[in-house]
Amino acid sequence: MTATLPTDWPATYDRVVLPQTDSTMAEAQRRVASISGPTWILALNQTAARGRRGREWVNPQGNFAATLVMRPALGAGLAALRSFTASLALYDAFVATTGRSAPFTLKWPNDVLLNGGKVAGILLESAGQGGDVSFLSIGIGVNLASAPQPAEVEAQALRPVSLRAETGVSIPPEAFLDALAPAFARYEIQLSTYGFAPIREAWLARAARLGEVVTARTATEEISGTFETIDDHGNIVLRDAKGQRTIPAADIFF
């Protein structure tokens, strides 16, 4: 089936659609000096896509690759909370395009799962001085049409899945952006008005493996413990034999 979406584009956001670019994150950096407000940059084809920590992001034709570049008047710590607003916006966009909520969950810190497999990922990059952020780029990749083969992802990573294969829904990238952008704008207003607390609550209500044992792999150690919550700064909180462990950055494995 092909999903049909209403156009409800947020008034204060610009939109650029490119037939091809090297990477929407690189394109955002090239355009940041000229943007006047939050701008979505969507590429229908990427030749040098990348994910977290410089990993390659496979982006076949028909999949979604976009970056939102913005100038938030916040410090770096608060800017990083946009991974949660972006996750929630993706969740809402998936529900809007499929009419289903049960198959989708959010994996800390920045992935969306569909039937337990990874369907979308988020990458944040920022620049600034003295702890202030001059611009923030939120890169989003979604397996709309197809997913990488398991052998193409790192060992122990969740299996990649596509929206089409798992749900039967076929949607063009431009139409998916029509659903994603208004959802993000709503959460952005909520974050700016009420702070992180309602975002945190909404994210936890959709969290994958909450209350279960997960493994956090940091640059220096590997910690297995029960996923208890995320704190007021977005850090994951695990409980192991040593007690509560608050972890600001890690890869999470189930």
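For the single chain, residues carry numbers from 1 onward in sequence order.
In this structure, Glu174 has no salt bridge (Lys or Arg N to Asp or Glu O under 4.0 Å) partners at least two apart in sequence or on a different chain. Residues that satisfy the side chain to side chain contact (heavy atoms under 4.5 Å, CB included) test with Thr226, not counting sequence neighbours, are Val213. For Thr85, there are no side chain to side chain donor-acceptor pair (under 3.5 Å) partners two or more places apart in sequence or in a different chain. Legend: residues meeting side chain to side chain contact (heavy atoms under 4.5 Å, CB included) with Thr105, ordered by chain and number and at least two apart, are Leu113, Ala208.
With 3.5 Å as the limit, one finds no donor-acceptor pair spanning the side chains of Ser137 and Glu125.
For Arg31 (side chain) and Ala26 (main-chain N/O), no donor-acceptor pair under 3.5 Å exists by modelled atom type. Side-chain atoms of Asp22 never come within 3.5 Å of backbone atoms of Ala48 as a donor-acceptor pair (strictly under, hydrogens ignored). Distance alone, capped at 3.5 Å, is enough to place a donor-acceptor pair between the Gln46 side chain and the Thr24 backbone. For Thr218 (side chain) and Glu221 (main-chain N/O), a donor-acceptor pair under 3.5 Å exists by modelled atom type.
Side-chain atoms of Phe227 and Ile252, non-hydrogen and from C-beta on, never get closer than 4.5 Å to each other. Met70 places none of its side-chain heavy atoms less than 4.5 Å from the side chain of Thr39. Residues Asp8 and Asp178 form no side-chain contact, since every pair of their non-hydrogen atoms from C-beta on lies 4.5 Å or further apart. The shortest distance between side-chain heavy atoms of Phe176 and Thr97 falls below 4.5 Å. Side-chain contact between Leu90 and Leu88 is absent, with no heavy atoms from C-beta onward closer than 4.5 Å. Looking only at side-chain heavy atoms (C-beta outward), Phe253 and Val214 stay at 4.5 Å or farther from each other. With contacts defined as side-chain heavy-atom distances shorter than 4.5 Å, the pair Phe94/Ser101 does not qualify. Proximity of Leu163 to Ile171: side-chain heavy atoms (C-beta onward) are separated by under 4.5 Å at one or more points.
Taking every heavy atom of both residues into account, Val119 and Ser162 meet most closely at CG2-C, 4.3 Å. Of all heavy-atom pairs between Val69 and Ala28, the closest is CB-CB, 4.0 Å. Looking at every heavy atom in both residues, Trp108 comes nearest to Gly234 through NE1-O, 2.8 Å. Closest approach of Arg30 and Ser23 over heavy atoms only: NH2-O, 4.5 Å. For the pair Lys118 and Gly121, the tightest heavy-atom approach, listed with the atom from each and the gap, is CE-CA, 4.1 Å. Scanning both residues, Ala80 and Leu124, for their nearest heavy atoms gives O-CD2, 3.6 Å.
Stacking of Arg209 on the aromatic ring of Phe254 is recorded, both the 6.0 Å distance cut-off and the 45° axial limit being met.
The aromatic rings of Trp203 and Phe84 sit perpendicular to each other, their planes meeting at more than 60°, with 30° as the lower class boundary.
Among the candidates Asn115, Asn143, Thr98, the single residue satisfying the side chain to side chain donor-acceptor pair (under 3.5 Å) test with Glu166 is Asn115.
Around CD of Glu201, the count of heavy atoms belonging to other residues, nucleotides or ligands within 6.0 Å does not exceed 12.
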Can you give the donor-acceptor pairs under 3.5 Å from side chains of residues 191-200 to other protein atoms, not counting sequence neighbours?
{"unit_1": "Ser192", "atom_1": "OG", "unit_2": "Glu188", "atom_2": "O", "d": "3.0"}
{"unit_1": "Thr193", "atom_1": "OG1", "unit_2": "Ile189", "atom_2": "O", "d": "2.7"}
{"unit_1": "Arg200", "atom_1": "NE", "unit_2": "Ile230", "atom_2": "O", "d": "2.6"}
{"unit_1": "Arg200", "atom_1": "NH2", "unit_2": "Thr229", "atom_2": "OG1", "d": "3.0"}
{"unit_1": "Arg200", "atom_1": "NH2", "unit_2": "Ile230", "atom_2": "O", "d": "3.0"}

Anything under 3.5 Å between a donor and an acceptor, one on a side chain of residues 235-242, the other on a protein residue two or more places apart or in another chain? List them.
{"unit_1": "Asn235", "atom_1": "ND2", "unit_2": "Asp231", "atom_2": "OD2", "d": "3.1"}
{"unit_1": "Arg239", "atom_1": "NE", "unit_2": "Glu228", "atom_2": "OE2", "d": "2.6"}
{"unit_1": "Asp240", "atom_1": "OD1", "unit_2": "Lys242", "atom_2": "N", "d": "2.9"}
{"unit_1": "Asp240", "atom_1": "OD1", "unit_2": "Gly243", "atom_2": "N", "d": "3.3"}
{"unit_1": "Asp240", "atom_1": "OD2", "unit_2": "Arg245", "atom_2": "NH1", "d": "3.0"}

Residues Leu18, Glu27; criterion side-chain contact (heavy atoms from CB on, under 4.5 Å); working and verdict | CA-CA 10 Å; Leu18 304 172; Glu27 189 71 31; 3.7 Å; yes
Kindly determine whether Ile138 and Ile122 satisfy side-chain contact (heavy atoms from CB on, under 4.5 Å), including the steps that lead there. CA-CA 7 Å; Ile138 306 170; Ile122 300 162; 3.9 Å; yes
Residues Lys107, Leu158; criterion side-chain contact (heavy atoms from CB on, under 4.5 Å); working and verdict | CA-CA 11 Å; Lys107 177 177 178 285; Leu158 290 175; 3.5 Å; yes
Might you work through the side-chain contact (heavy atoms from CB on, under 4.5 Å) test for Met25 and Leu123, ending with a clear yes or no? CA-CA 9 Å; Met25 295 295 277; Leu123 174 65; 4.0 Å; yes
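Separating the CD1 atom in Ile41 from the CZ atom in Arg15 is a distance of 13.0 Å, to the nearest 0.5 Å. Note: Arg217 CZ to Thr220 OG1 = 12.5 Å, rounded to the nearest 0.5 Å. Taken from CZ in Arg82 to OG in Ser126, the straight-line distance is 11.0 Å, to the nearest 0.5 Å. The structure places CZ of Phe104 at 4.5 Å from CG of Leu114, a figure rounded to the nearest 0.5 Å.
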